[in-house]
Trainee: 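Have a look at this one before I ask anything.
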Amino acid sequence: MSSQPLISVFLLLLVGGSVLESSATLDPIIRLPTTSDGLSHGDDDGLYCASWHLAAETNNAGGWKQIPSRCQSYVKSYMTGKQFDSDCEIISNFSLAFASTVEMDPDGKDAWIFDVDETLLTNLPYYMDHGFGSEIFNESCWDGWVALAEAPAIPSSLNLYNALKQMGFKIFVLTGRSEHQRQDTSKNLELAGYTGWEGLILRGASDRGIPATVYKSERRSILVNGGYRIHGSSGDQWSDLLGFAVAKRSFKLPNPMYYIP
Ligand SMILES: *[C@@H]1O[C@H](CO)[C@@H](O)[C@H](O)[C@H]1NC(C)=O
Ligand SMILES: *[C@@H]1O[C@H](CO)[C@@H](O)[C@H](O)[C@H]1NC(C)=O
């Protein structure tokens, strides 16, 4: 693709006959590729939405309830294309690189925490039917999807999970899902290939209405008080990772579809 303008320039040089004459036409021809942003969206949406996505992932955007409507096709392309898988894979790789530097203690208290939705499992099939996050969250609809226990694993997360388990980390699954979804959640995790966790922690009745950051921090705190050393934490939301009793390293997976405060 990029050789096309070069060939045109070369031809002009031949046709133009003099270097001086052709250099006048060189400039606009060389600038040609930059007039297209190289994205498939055809207009400014691609540029804007890539910026919005970066701002959302880094939390510069703060809280949001829906994706910008102009970004539905961007989010669809990102989530269903190769970029999402590659982004998840590199995070897995960095996680594993860090994990391999941990000096494991024979006391069995070296721990790693995983969130469930958009971290171990992907709910992409659900969000494909719900505008990739452009619709307002509908709890009863969502609960119906959870009950199906059909969410697939994110392959790179499954690889990381198994590698950490093999290295001797105790795995804690800490999710914002409710206690009444325990059976469906563990069934879904197992069907997706996840086994052998040390604990599966869900929101109990007393956690209702508590912000995710507080709920997850409190649960990590209980683990720390129980003698666990939380080396790593993997989540798609900042509220999975921030607060207190935080892991030594936190790993943020991409999620341009929804934001949990
Ligand atoms: C992740 O690591 C694997 C194994 O080393 C490698 O093949 C793959 O290219 C890496 N992926 C990325 C996105 O860096
Ligand atoms: C949520 O989804 C259910 C179907 O699962 C539907 O009956 C209900 O009207 C929806 N609620 C809103 C506020 O859209």
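Every number for a ligand or one of its atoms is a count from 1 in the order of the listing.
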Trainee: Is there a nitrogen or oxygen of N93 sitting under 3.5 Å from a nitrogen or oxygen of ligand 1?
Mentor: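 In this structure, N93 places an N or O atom under 3.5 Å from an N or O of ligand 1.
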Trainee: Is the shortest side-chain N to carboxylate O distance from K187 to E190 below 4.0 Å?
Mentor: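 Salt bridge: no.
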Trainee: What's the shortest distance from atom 5 (O) of ligand 2 to any protein heavy atom, and which residue and atom give it?
Mentor: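 Ranking protein heavy atoms by distance from atom 5 (O) of ligand 2, first comes C141 SG, 3.4 Å.
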Trainee: Considering non-hydrogen atoms of the protein only, which is the closest contact for atom 2 (O) of ligand 2, and what is the distance?
Mentor: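 Sorting protein heavy atoms by distance from atom 2 (O) of ligand 2 puts N138 ND2, 2.3 Å first.
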Trainee: Please report whether atom 14 (O) of ligand 1 has a protein non-hydrogen atom at a separation of less than 4.0 Å.
Mentor: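 Answer yes: something from the protein, a heavy atom, is under 4.0 Å.
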Trainee: Flag atom 8 (C) of ligand 1 as yes if some protein heavy-atom distance to it falls below 4.0 Å, otherwise no.
Mentor: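 Within 4.0 Å of atom 8 (C) of ligand 1, protein heavy atoms are found.
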Trainee: Are F114 and Y194 near enough that their ring centres are under 6.0 Å apart?
Mentor: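 No.
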Trainee: Establish, yes or no, whether the cationic atom of R70 lies under 6.0 Å from the six-membered ring centre of Y48 and within 45° of the ring axis.
Mentor: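 Cation-pi check for R70 and Y48: passes.
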Trainee: Look at the side chain of T122 and the backbone N and O of E118, then say whether any donor-acceptor pair between them is shorter than 3.5 Å.
Mentor: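 Pair absent, no side-chain N/O of T122 close to backbone of E118.
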Trainee: Applying the ring-ring contact (aromatic ring centres under 6.0 Å, His included) test to F251, which of W238, W112, F94 qualifies?
Mentor: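 So, applying the ring-ring contact (aromatic ring centres under 6.0 Å, His included) to F251 and each of W238, W112, F94, only W112 qualifies.
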Trainee: Which atoms of ligand 1 are found less than 4.0 Å from any heavy atom of E89?
Mentor: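 Those qualifying, in numeric order: 1 (C), 8 (C), 9 (O), 10 (C), 11 (N), 12 (C), 13 (C).
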Trainee: With a 4.0 Å cut-off, strictly under, does atom 11 (N) of ligand 2 pick up any protein heavy atom?
Mentor: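 Under 4.0 Å from atom 11 (N) of ligand 2, at least one protein heavy atom found.
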Trainee: Under 6.0 Å between the ring centres of Y228 and F172?
Mentor: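 Ring centroids of Y228 and F172 are less than 6.0 Å from each other.
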Trainee: Are any of the heavy atoms in S140 under 4.0 Å away from ligand 2?
Mentor: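 Within the 4.0 Å threshold, so yes.
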